[in-house]
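These values consider heavy atoms only, across backbone and side chains, with no hydrogens, waters or symmetry-generated copies. Here is how names work: the chains are called A, B, and so on, in the same order as the sequence lines, proteins then strands, and each is numbered from 1.
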Protein chains: 2
Amino acid sequence: MIVDERRSRILQIAEESGFVSLQRLVTEVGASESTIRRDLEFLDSSGQIQRTRGGASYLGDSLSDFDSRRSRASQEKQLIARRTADLIAPGETVLLDGGTTTLEVARHLTGKTLQVLTNSLPIASLLMNRPEIELIFIGGYVYPRTGVALGEQSVEALKKMHASRLVMSTGGITADGLFNSNALLVETERQMIRAADRVTLVADSSKFGQRALSHLCPLSDVDEIVTDDGMSEEWRLVIESAGLKTEVVRT
Amino acid sequence: MIVDERRSRILQIAEESGFVSLQRLVTEVGASESTIRRDLEFLDSSGQIQRTRGGASYLGDSLSDFDSRRSRASQEKQLIARRTADLIAPGETVLLDGGTTTLEVARHLTGKTLQVLTNSLPIASLLMNRPEIELIFIGGYVYPRTGVALGEQSVEALKKMHASRLVMSTGGITADGLFNSNALLVETERQMIRAADRVTLVADSSKFGQRALSHLCPLSDVDEIVTDDGMSEEWRLVIESAGLKTEVVRT
DNA sequence: ACTAAGTGAATGGAAATGATTGTTTTGTTT
DNA sequence: AAACAAAACAATCATTTCCATTCACTTAGT
């Protein structure tokens, strides 16, 4: 088996349940304990997982109820979320993807008269009691921990919907486009892109240059990116030459 | 078992009721007393719980606080919910309607390996982090306050689903059948009945004789009723002559 | 054939665990 | 209030589990 493939698989398994024991990885991936350890070491040093005794825990945009309550969103995410919310005009129909940043965006939407479509349970729970927001939930198989509905049913439901804007997050951005770690999620997000007139990507600057398991879409599918000023000039050029508008918040 | 996993579990248990005894943790987590003590010490020093003699109390908003804030379910509902949960065998595919009683049923489902379909946001939020439960959400227009998905999209989604059992609530029961106050809700519930092999109705005894806006279905659509012993003998005859099984819990 | 990278097994050391001990606290009885 | 028993606790120790390191082996590319 190829190295990258094995590591991707480890990441995927780690993401599913948040925790993976080393032993489980040994049996599921089929490599020796030593190799898995080395992989975990690599993935830890590259910041994708956190090694713990006996296994590893997934880092990244998985929002479990634990995470959202304990560690609040970082300052970058807060600022990005607020700016993104400012872009949204009253009366719009907004499609909201799952993720910690989009959840923060949802927090800032309260008070505006909006129609909100989402496949994220945390976002729906947040907005459910707001009379000024008409909420439509996109059903499907609910992915554990993140509380995001995915799969064929979600895709089918999305086919019948239309929104003026999609606010989405991503696992990584390169010149090739956007990436995410979960194949089912990618499929659902692709359908979201099709359903929306305008695509607004929220991504803190650490996402640039990151590449994850599944390719989601080319850069040209995105209309604008809201990010923080940690983005290098280099990436700014890549993004703007692809015809995307960039909104940069100062931290 | 991995350290972090065990500590997360301790936190989760602590959160549920606000306080946990050490002994309960020993049996539920399956670690030795020493280990649990060490974990409690750690969680205390990191400020997540407060150790007390005999156990520990959760810091922050415990779920039971949350529950008691929004009037806790009555004793009847609790008992009905527990009995209903006992009827459900591991491995079943259960369709759960919205409502406070069905939410209580959902609470008692944790621990069983099940497939759960629901259109209720509160139920989905409750079950979303339970690894033993595969959760499928039925999307649609989210009705404010109750957090239940309704409407054409929900009906369409339900047409493609099938469950071994439906647990539903109702606004009122007469010899003519079941009633509910919301036309959209009635439509969705009718489709639920079609999608399920067996229909279990949860209804406290005050519902008998009540008639609401919309007629939902005849009594013959229901297979069994779980209720409390406030039901009069008269109603018992009506129900049983319609061929329904009745489960009566003693208050 | 040689090198470099990757892999798997073996080793010793570190950390975590469970059982045991003796001590402190709590509640009950007199 | 004093004496006692039961429960809860902290401290210690042997055992187990986990980990980093090392080394030998395989594979792929030059």
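- Look at A:Glu187 and A:Arg190 and you find no salt bridge, because none of the NZ, NE, NH1 or NH2 atoms lies under 4.0 Å from a carboxylate O.
- Separating the CZ atom of B:Arg53 from the P atom of C:dG27 is a distance of 9 Å, rounded to the nearest angstrom.
- Between A:Glu33 and A:Arg38 no salt bridge is recorded (no basic side-chain N to carboxylate O distance below 4.0 Å).
- Of the two residues contacting DNA chain D, namely B:Glu33 and B:Arg38, the nearest-nucleotide position lying further toward the 5' end is that of B:Glu33.
- For A:Ser34 against C:dA9, a side-chain-to-base donor-acceptor contact under 3.5 Å is present.
- The aromatic ring centroids of A:Phe137 and B:Phe137 lie less than 6.0 Å from each other.
- The side chain of A:Ser32 places an N or O atom within less than 4.0 Å of a non-bridging phosphate oxygen (OP1 or OP2) of C:dG8.
- In this entry the distance linking CG of A:Leu25 with P of C:dT7 reads 15 Å, nearest Å.
- Nucleotide C:dA16 holds its C1' atom 13 Å from the CD1 atom of B:Ile36, rounded to whole Å.
- A straight line from CD of B:Glu5 to P of C:dT17 spans 12 Å, rounded to a whole angstrom.
- Residue contacts shown for B:Thr52 are limited to sugar-phosphate atoms, with no base heavy atom under 4.0 Å away.
- Ion pairing between B:Lys112 and B:Glu92 fails under the 4.0 Å rule for side-chain N and carboxylate O.
- Put simply, the side chain of B:Arg37 and the base of C:dG18 share no donor and acceptor less than 3.5 Å apart.
- Rounded to whole Å, the distance from CD on B:Glu41 to P on D:dA11 is 8 Å.
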#### Entry: Derivation and outcome, side-chain contact (heavy atoms from CB on, under 4.5 Å), residues B:Glu134 and B:Val116
CA-CA 6 Å; B:Glu134 185 181 327; B:Val116 173; over 6 Å; no
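- Closest to the A:Leu22 side chain, of the nucleotides D:dC19, C:dT17, C:dG8, is D:dC19.
- For D:dA10, the OP1/OP2 oxygens have a side-chain nitrogen or oxygen of B:Arg51 closer than 4.0 Å.
- Following rounding to the nearest Å, B:Arg6 (CZ) and D:dC18 (P) show an atom-to-atom distance of 12 Å.
- D:dA7 atom P lies 10 Å from atom CD of B:Gln23, rounded to whole Å.
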